[in-house]
Amino acid sequence: MTAQPHEPTSVSTPVLDKSLRSIREALTLPQDREAFDAGLRMALDEVRATLDLAKLNEFLHTWWLIAHDSMHDRAGRERMYTHAAHVQDLADHGQAIPRGDKTWRELLAERGVQA
């Protein structure tokens, strides 16, 4: 008796092309598109200044992952933005931030980005 091939039972998910256009089109939330546009400008400015494509490659890969998340879990991304806005609001009003949570400004500062 030989093994018979069978079709996978799970629904296949589309694989996103790793191009700037495809990635931006896959972003489902306005916050993601705004951040993508701002980050792309910064990455291209660095490429022009250094003639090194490493920052652009890093940007492309990071946003490719985010675009996949956006395509497959829009509700999760919406919850993430809602939670982040809540934490930032607490910080802006001098209230205690739940343990382990950080504001957007703190997260960006850790990554060397000025907000």
Side-chain angles (χ1 to χ4, degrees):
M1 178 180 238
T2 60
Q4 299 298 315
H6 64 87
E7 295 297 315
T9 57
S10 65
V11 176
S12 65
T13 56
V15 176
L16 182 64
D17 182 39
K18 230 177 185 180
S19 72
L20 293 170
R21 183 181 314 277
S22 294
I23 291 168
R24 188 172 192 294
E25 287 174 357
L27 298 173
T28 60
L29 298 174
Q31 300 97 315
D32 283 338
R33 287 188 299 273
E34 291 167 10
F36 176 88
D37 293 344
L40 180 57
R41 282 190 295 275
M42 290 174 52
L44 291 174
D45 286 347
E46 184 163 329
V47 168
R48 277 191 286 279
T50 65
L51 300 178
D52 181 0
L53 292 175
K55 193 65 163 184
L56 184 60
N57 289 332
E58 177 185 340
F59 173 87
L60 185 67
H61 181 70
T62 299
W63 279 99
W64 181 76
L65 294 171
I66 293 169
H68 271 278
D69 191 39
S70 183
M71 288 172 34
H72 302 296
D73 189 13
R74 180 187 171 104
R77 297 224 32 98
E78 288 172 339
R79 284 190 306 275
M80 184 253 330
Y81 278 114
T82 300
H83 181 73
H86 173 68
V87 170
Q88 188 64 58
D89 189 52
L90 291 174
D92 290 346
H93 292 93
Q95 298 176 15
I97 297 173
R99 183 178 176 167
D101 285 345
K102 295 182 180 179
T103 68
W104 279 117
R105 289 182 191 99
E106 289 171 335
L107 290 171
L108 291 172
E110 285 178 3
R111 289 158 179 79
V113 177
Q114 293 181 352

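Heads up: numbering here begins at 1 and tracks the sequence. Reckoned from all heavy atoms, side chains included, excluding hydrogens, waters and symmetry mates.
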* Asked: Shortest non-hydrogen contact from A26 to S70?
  -> O-OG, 3.6 Å
* Which of these passes salt bridge (charged side-chain N to carboxylate O under 4.0 Å, His left out) with R24: D37, D17, D32? -> D37
* Structure fact -> Residues at least two apart in sequence or cross-chain that pass side-chain contact (heavy atoms from CB on, under 4.5 Å) with A91, listed by chain then number, are Q88, I97, T103
* What are the two closest non-hydrogen atoms of L56 and L40, and how far apart are they? -> CD1-CD1, 4.0 Å
* Please check if the side chain of T82 supplies one atom and the backbone of E78 the other of a donor-acceptor pair under 3.5 Å. => yes
* Whether F36 and F59 hold their rings parallel, tilted or perpendicular, with breakpoints at 30° and 60° -> tilted
* Asked: Taking the side chain from R77 and the backbone from L29, do they hold a donor-acceptor pair closer than 3.5 Å?
  -> no
* Atom CH2 in W63, atom CG in D69: separation rounded to 0.5 Å? -> 10.5 Å
* To do: Can you measure from CG (L44) to CG (L20) and round to the nearest 0.5 angstrom?
  => 7.5 Å
* Would you confirm whether R33, through its side chain, and L27, through its main-chain N or O, come within 3.5 Å as a donor-acceptor pair? => yes
* With sequence neighbours left out, write down each residue that passes side-chain hydrogen bond (donor to acceptor under 3.5 Å, both in side chains) with D73, or none if nothing qualifies. => none
* **Whether H86 and H83 hold their rings parallel, tilted or perpendicular, with breakpoints at 30° and 60°** => tilted
* Asked: What residues, two or more places apart in sequence or in another chain, satisfy side-chain hydrogen bond (donor to acceptor under 3.5 Å, both in side chains) together with E46?
  -> none
* Check whether any side-chain heavy atom of D45 lies under 4.5 Å from a side-chain heavy atom of R48, and answer yes or no. => yes
* Structure fact -> Between W64 and L16, the two heavy atoms sitting closest are NE1-O, 2.8 Å
* Looking only at heavy atoms, what is the nearest atom pair of S19 and L60, with distance? -> C-CD1, 4.2 Å
* **Heavy-atom closest contact (L90 atom, A96 atom, distance)** => CD1-O, 3.7 Å
* Asked: Distance from I66 atom CD1 to H68 atom NE2, nearest 0.5 Å?
  -> 12.0 Å
